[in-house]
Amino acid sequence: MKTFRTIFFKEMLDTVRDRRTLFVMVIFPLLLFPLLLTAVTAVQTSQIRKAEDRVLRIGLALHGNAAGLRTLLASRTGYALVEGINPDSARAFLERDSLDAAIVVSDRFDRTVAEGGKGTVTLSYRFSDEYSIAERRVKEILREFEKGLVEKRFERLGVRPEIVEAVALQEQDITPLKEKLGRTIGGFLPYLFVIFCFMGCMYPAIDLAAGEKERGTIETLLTAPVSRFQILLGKFAVVVLTGLLSAAVSMLGLYVAVSRNPDLPREMLGAMTGILDAGTILLVLSLLLPVAMFFAAFLLSLSFYARSYKEAQSLISPLTIVIILPVAVGMIPGIELTPLTALIPVLNVSLATKEIIAGTITPDLLALVYASLLALAGISLWACSRWVDREETIFRGG
Amino acid sequence: MLDARPMIIVDRLTKRFTLTRQQRREMGPHSGTSIDAVQEIGFTCRPGRIFTLLGPNGAGKTTTLRMIATMLKPTSGSITVAGFDTAKHPEEVRKRVGFLTGNTGLYDRLTPDELIAYYGNLHAMDRAAFQRRREELYSILGIHEFARRRIGRLSSGMKQKVSIARTMIHDPQVVVFDEATAALDVVTSRNIIQLIRQCREQGRTVIFSTHRMGEVSLLSDDLAIIHRGRLVFLGTYPEFQAGMKTQSVEDEFIRLVEAA
């Protein structure tokens, strides 16, 4: 135990003094989400505000009809009316960006409406804002105009407008917001945890194995009176810890980003902070522990095999993509946590995280997930120790 | 001194490496699937004497020394260090061996203090013995002034001193120098040569490999010349000199290697 402690603390000290590892392990996951969320919401808010404040140039071809529509548009701010446009030129105006929208009312509109028919209004537009705010603004005016016409019809007929509604549907969605968010965000969160866990493991694993070989320190370490398994275990523990730390820091970053963001709706904020409570975080981290152990064993095996830091990097970097795949499968609708999927490593983490966040995980499935992950972690550590014990691995090319 | 019991006994030692596909391609169609880096060699090293392993690059020197230091396991034959078989009791052997290579092999992000403490702990030294030994080595090597600076910021000479302290911290009975001067400048090489002599004076068993002829004549008590994994000469240095059929050590080395 003393030897393990000695190796562990030395490797930890060596790791935290490596600026590159420290950046990938702590700084990057901690700052990514606050910066990303702040930047994204700032841009979004500004875009939405811009679209809402923008004066829309509306071309009108009313043909002496729909006076109410004109009055409605003229009474609202944010609309510049270009009246009497030629309907045939509307498209050209829109393409040239001289107009944002064109409303063409048929020349029989008023008569058709008066006869109880449907008067035709053609709305042409070319809105470029991604949130369809301009489109919504114009359509709201048109709906209001229609509502006024319909109300007049009911008035003429002497009936209440409610007469067309025979059923008063009262919806009661009792799904807690946490569960709803759990099903959506819960699929996305494992992405972050697993990727950051992998990245947190990656650089220390490369440095503590391939780096050790490249520096030539492995030779002197192997002449110390400790077994290779003890050496591996010390390094393994550091890599596991950095992986977990990185995942935990990414969660902290996300929590800070969400809780400090004034632009998020209060209801969503409450649910999000509810999701990220201490119990949930601990449960998710406990799932990540065996995953980090698997990553650590696997990455150390590859890293010990590599002749140099560079070779280890080129062997390991593409795996970042491979790791995403099972997590991504977990996001496909219909893929649920079952006794079968609970046995598939990494995918089970993704599915179980969803269930944990939604608060719908069952103890038997959770136990199955743990059993599968712990078995994988144990097997990979055993395989790694066998692998590192091989002279061909340690002294490959040397 | 020759009467002292051998500290290292190497008996019919062979090390076979399996060739990778790439190595087989590079070595040609008749290379086979494995190569014997060391073949049936045997020698003994005694306390208070310097045993030199001389040979060209790729002769099997490093492989032999790595087997003595328990980094590699013999394919056949045996090595005994201080009475312990390297294959059966590697950790007992490691307690008694210090290993120094030309590549300083230090952790750049640690300070000399931290590095020496690390190796002291790995050798399970008790605190008092460790502090005494560290103080002794720091004074001899002049490490005090840079003991708390990161190793990565030290000069190569300073690093070599730290490397020596690391090798000697547990007061090893056997010191293995694997081409320890190969990549060093003249001044630092001289420090290593001094260290090798000090080790002999202190009664340690010294085994060092080199391909520098000058060092052979400066240091050797016993000499083994290894070529393609086989010993082509084994004896004391005076015996080697007495049997020389050429004018210089270098010429004699080439003659023996070519004859093999």
Side-chain angles (χ1 to χ4, degrees), chain A residues 1-22 203-204 207-209 211-235 238 304-305 307-309 311 388-398, chain B residues 15-20 22-23 37 62-63 65-75 89-111 114-115 117-125 150-152 163 166-167 169-170 172 174-176 178 183:
Chain A
M1 195 60 193
K2 189 172 177 275
T3 306
F4 166 76
R5 264 207 324 268
T6 300
I7 296 171
F8 174 80
F9 283 118
K10 179 262 154 191
E11 300 296 14
M12 203 62 214
L13 183 67
D14 207 9
T15 299
V16 296
R17 281 185 183 168
D18 180 17
R19 282 187 197 158
R20 183 171 33 185
T21 305
L22 205 61
Y203 283 99
D207 189 54
L208 298 183
E212 183 113 48
K213 281 170 83 173
E214 191 172 271
R215 289 187 294 265
T217 46
I218 191 78
E219 278 195 339
T220 51
L221 187 56
L222 291 176
T223 58
V226 290
S227 69
R228 283 189 196 182
F229 185 68
Q230 284 173 311
I231 295 171
L232 175 67
L233 215 57
K235 291 176 184 289
V238 170
F304 268 118
Y305 176 74
R307 289 188 190 95
S308 64
Y309 198 101
E311 189 184 348
V388 171
D389 220 26
R390 293 173 75 229
E391 289 170 357
E392 294 88 340
T393 306
I394 296 290
F395 294 105
R396 178 173 166 255
Chain B
K15 182 65 187 177
R16 182 166 298 152
F17 289 116
T18 305
L19 294 173
T20 61
Q22 192 187 342
Q23 284 169 328
T62 296
T63 302
L65 297 186
R66 280 179 174 175
M67 283 192 280
I68 291 171
T70 75
M71 277 184 263
L72 295 175
K73 283 182 186 146
T75 306
H89 305 285
E91 286 176 26
E92 288 302 324
V93 173
R94 286 181 212 144
K95 282 179 193 168
R96 291 159 175 84
V97 173
F99 191 87
L100 189 72
T101 63
N103 175 354
T104 46
L106 301 171
Y107 300 100
D108 282 355
R109 295 189 287 269
L110 299 189
T111 64
E114 289 162 348
L115 182 95
Y118 178 51
Y119 277 92
N121 284 331
L122 289 180
H123 281 279
M125 295 176 76
R150 297 268 178 97
I151 291 169
S163 201
R166 195 266 311 150
T167 306
I169 187 68
H170 58 294
V174 175
V175 191
V176 179
D178 181 19

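Per chain, numbering begins at 1; letters A, B, ... match sequence-line order.
With a 6.0 Å radius and a threshold of 12 heavy atoms from other residues, nucleotides or ligands, R150(B) has its CZ atom above the threshold. Counting non-hydrogen atoms of other residues, nucleotides and ligands closer than 6.0 Å to OH of Y309(A) gives a total above 12.
Using a 4.5 Å heavy-atom cutoff, the side chains of V226(A) and R94(B) are not in contact. In this structure, F395(A) and T63(B) have side chains that are not in contact, with every pair of non-hydrogen atoms separated by 4.5 Å or more.
For chain A, no part of R96(B) is nearby; none of its heavy atoms comes within less than 4.5 Å. Residue I218(A): no heavy atom, backbone or side chain, is found under 4.5 Å from chain B. Residue Y118(B) touches chain A through both its backbone and its side chain, counting heavy-atom pairs closer than 4.5 Å. For E114(B), the part lying near chain A is the side chain, with the backbone staying farther off; criterion is any non-hydrogen pair under 4.5 Å. Looking at L221(A), both its backbone and its side chain come within 4.5 Å of chain B, counting heavy atoms on both sides.
Nearest heavy atoms, T6(A) versus N121(B): CG2-CB, 3.5 Å. Of all non-hydrogen atoms in T220(A) and R166(B), the two that sit nearest each other are CG2-NH2, 2.7 Å. Nearest approach of L106(B) to R215(A), heavy atoms of both residues: O-CD, 4.1 Å. Taking all atoms of both residues into account, the shortest heavy-atom contact from P225(A) to K95(B) is CB-CG, 3.7 Å. A224(A) and L122(B) get closest at one heavy-atom pair: CB-CD1, 3.9 Å. Summarising the geometry of T70(B) relative to R228(A), their closest heavy-atom pair is O-NH2, 4.4 Å, with the distance given to 0.1 Å.
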>> Test side-chain contact (heavy atoms from CB on, under 4.5 Å) on R66(B) and E391(A); report intermediate values, then the result.
In response: CA-CA 11 Å; R66(B) 280 179 174 175; E391(A) 289 170 357; over 6 Å; no

>> Please evaluate residues L13(A) and R109(B) with respect to the criterion side-chain contact (heavy atoms from CB on, under 4.5 Å), reporting the C-alpha separation (whole Å), side-chain torsions for both, the decisive distance (0.1 Å), and the verdict.
In response: CA-CA 8 Å; L13(A) 183 67; R109(B) 295 189 287 269; over 6 Å; no

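Interatomic distance, I68(B) CD1 to T223(A) OG1, rounded to the nearest 0.5 Å: 13.0 Å. Taking CG of D207(A) as the reference point, atom OH of Y107(B) lies at 10.5 Å (rounded to 0.5 Å). The distance from the CD atom of E219(A) to the CG atom of L65(B) is 10.0 Å, given to the nearest 0.5 Å.
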